[in-house]
Amino acid sequence: MKQLRRNFLKLSGGAGAMAAVAAAGLLKAGSAWAAPWNKGAFESKAVADAQKNLGATSLIESKDIIITAPDIAENGATVPVAVTSKIPNTQSISIIAENNPFPLAATFEIMAGGEGYVSTRIKMGKTSDVRAIVKADGKFYTATKEVKVTVGGCG
Amino acid sequence: MKKMRGIGLVVLSAVAFLAVAPPVMAQGDLSVGRKMLNEDNPGDLWVDIGKELFYQKRGPKKVSLEQCDFGMGPGNLPGAAARMPRYFADTDRVEDMESRLITCMTKLQGFDSNELMKKAISSPRSKGSDIEALALYVTSRSNGMKINVTLSHQKEYDAYKAGEYIFYRRNGQTDFGCVQCHGEPDKRIRLQDLLHMTVKAGAQEVASTWPAYRGAHYVVRTMQWRLNDCVWQMRLPDLKYGTDYSIALTTFLNHRGNDAVMQVPGFKR
Amino acid sequence: MADPMKIRATLQGDTADVRILMRHPMETGTRKTSSGVVPLHFIQSVIVQHNGKTVLDAQWSQAISQNPFLGVRVKGAKSGDKISVTWTDNKGDKRTDEVAVAAGS
Amino acid sequence: MKTTWIKLSVTAVVGLMIAGCATYPDRATTKQMAEKMVFDAFSASPEHMKRLEQDRSQQICSKIGDEKLSQAEAAEIVKLARASIKYPASGKLVGDWKNGDRLAHNGAGDHIRNGKEESRKENGALCQNCHALAPGEINVGNVGPSLTGYGKQRGNSEAIAKYTYEKIYNAWVYFPCSNMPRLGATEHLTPEQIVDVVAFLIDPQSPINK
């Protein structure tokens, strides 16, 4: 039921998306169902708005969230960031680069069978705190790590 | 766990940290990121692209590169790159990976060498050039093997010595030779580490990590690109592709890098 | 159209360590070239499935780096299990690739 | 005369090779081959090709491996460097530290790409590439010594200003064949730019001395 609704939302996302969905056979049983893209959160320019759009009205600081990232990024275009959440029943992990024009970089919904761990690479325009927001049992937890970004080359 | 009052607090503590942080501390702080990037290298995506190009029938003559001899006999790739540059009798010349590919793509497949060279170094953020992908694929077939650039033909000795001469030759607006940046340990241009190439370990890193994925360009680069960029920084004019100058420098460095274990693609900032 | 991914899935105990490399330009829509501004073009959704069951449903912005990497861990995996990954970008392009979980070393 | 000699030595080398005794070419042969490689390797206008030609000082300073500079060579370098130095028309060796700060952090100028010289209003002084500058700056190199607190340690006397000016104009006058580019002598920087960099280094108000 829920899946059907999601699929409907996806289909209503425009003719292009619809054609792609149909061509890819997304309607078949057992294929991948994607949650609708959180436009509000991703298009927020302020960190607070992005948080609100993620549904995180209050944040609890947690030492059970570990952000692995370099202290200094040699290349702001490829900053490796891994987030491990040891909080039981972790449902989602979001990564925010606070000084980016659009701070929210990614949201990972973790289903049963997934571990509270994601690793990816993000673009950072300048030195910034990288914030992880973890949703677990309906509550929102957070941790930050500063990543210094320098311009590369001798240009 | 305690409730956070807001972001202001975090920002404050970050400022406090900055104030007491020691001024320069590159190595330790950079190593976490380098390790993460090296473990999962997007350059790997180009190995398969290179493989496909290698076996595809291409060029005006519609043949694959399977008859290309990289020094171990036609089409025999394992270990071949680990022994290059080397002397090739058919061209009576010492060739590195890039120049050998051009030889084969010209002679076997009928491509125009000038056209190949024009496109050999791709634009940043592009899908990369055929030669970049091919060089990576052929070199990757030596992964896990030891670099073993031997000098036996007279032209190999000549290339080695000429490469050494060029390494130390100062010229241009900066008065630089290669050694001005690569002659001492633990040096950096701004934050970028400079390999110490006059010791074996530094030369070994050169010999075993190219072609490499260049993070800032999002494409695979070969040693020839590295040399082009170096001479650009030295304020020299445009270096032509696949010349004896590049081959000599590569012969000098790779021979001194012998016994390193080939592991490509490397990952470069 | 879309280029194949490179997926590694290795067993560590009963958890599969999954590492995915994708080839995608991840254009921010602000980059200028001689022929004008390159339009926004980025992967919006990545789904990771374990034997057909979704274990990770990711939403991305254009701030994920070009040629993206994603690392995840899947609990309760066995050697030979299927891990499949599907990405979809904002232009509707998509790509699915699948690997079998390899025994750990 | 000269070419005959080289031909002879090449023949000798080929002879050795046939006998199965290929070996390292001698110094003169190496130089001959390598110099040819250098001039064959670049495509550029005659004006840009000139950058590949070594002046006397560059030739002396291109020591291979562990070769050392002789006393006589060092003396010649110092003499050539001394002769190269020109002073600003104003006679003032300490300029505007703010402009010097800007120049010190500018790594551009004199690059050539696709046959074209970088179009810039002025060249940068390149300092940041190789030297630590103001306290706490991260994105700085260490090929050269740290310049943090340069003026604090040395003061800003006339003698220090003159030394600093000459050091930037042609570092080899004090350190023959050091790694530092001869920024004034190669005309990368103008005397007017150099006095601003001198101010950046020695002015007590400059961030480098804070």
Side-chain angles (χ1 to χ4, degrees), chain A residues 46-48 50-51 56-82 86-87 96 98-99 103 119-124 127-134 136 139-155, chain B residues 1-19 21-43 124-125 174 176 181 188-194 213-219 229-230 232-235 267-269:
Chain A
V47 176
Q51 267 169 229
T57 42
S58 72
L59 294 175
I60 305 162
E61 214 179 341
S62 171
K63 287 194 168 63
D64 290 325
I65 302 170
I66 298 142
I67 303 175
T68 312
D71 293 341
I72 301 173
E74 287 181 273
N75 168 18
T78 311
V79 183
V81 177
K86 292 179 184 165
I87 303 167
I96 290 175
E98 295 202 337
N99 288 345
S119 177
T120 188
R121 285 155 196 178
I122 64 171
K123 299 170 197 164
M124 288 176 67
T127 296
S128 171
D129 272 346
V130 171
R131 175 178 295 279
I133 294 179
V134 169
K139 286 192 188 133
F140 289 89
Y141 302 85
T142 193
T144 58
K145 172 173 173 52
E146 194 200 36
V147 176
K148 294 193 186 74
V149 176
T150 61
V151 272
C154 307
Chain B
M1 285 182 230
K2 67 169 196 287
K3 266 226 172 207
M4 232 187 60
R5 246 165 268 151
I7 296 152
L9 211 128
V10 178
V11 172
L12 255 179
S13 65
V15 169
F17 167 75
L18 264 179
V24 173
M25 44 198 164
Q27 205 58 47
D29 302 306
L30 299 173
S31 61
V32 172
R34 283 194 187 147
K35 183 167 174 288
M36 291 171 86
L37 294 171
N38 261 314
E39 277 175 1
D40 298 284
N41 186 341
R125 309 203 58 163
T174 55
F176 283 170
C181 283
R188 302 185 322 268
I189 289 280
R190 297 198 193 172
L191 264 195
Q192 276 69 65
D193 283 342
L194 299 164
Y213 183 73
R214 163 87 171 157
H217 291 184
Y218 301 103
V219 287
D229 211 55
C230 282
W232 174 77
Q233 286 294 13
M234 292 160 79
R235 271 68 177 176
F267 193 110
K268 314 278 175 181
R269 170 190 71 84

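In the text below, chain A, chain B and the rest are named by the order of the sequence lines, each starting its count at 1. Just so it is clear, the structure is predicted and the values come from calculations on it, not from any experiment.
With rounding to the nearest 0.5 Å, the separation of CG in Asn75(A) from CZ in Arg214(B) is 7.5 Å. Residue Met36(B) holds its CE atom at 9.5 Å from OG1 of Thr120(A), rounded to the nearest 0.5 Å.
Only the backbone of Val81(A) comes within contact range of chain B, with heavy atoms under 4.5 Å apart. Proximity to chain A is absent for every atom of Asp229(B), based on heavy atoms less than 4.5 angstrom apart. Contact of Ala69(A) with chain B is made through the backbone alone, with heavy-atom distances under 4.5 Å.
Residues Asp40(B) and Arg121(A) are in side-chain contact: their nearest non-hydrogen atoms beyond the backbone lie under 4.5 Å apart.
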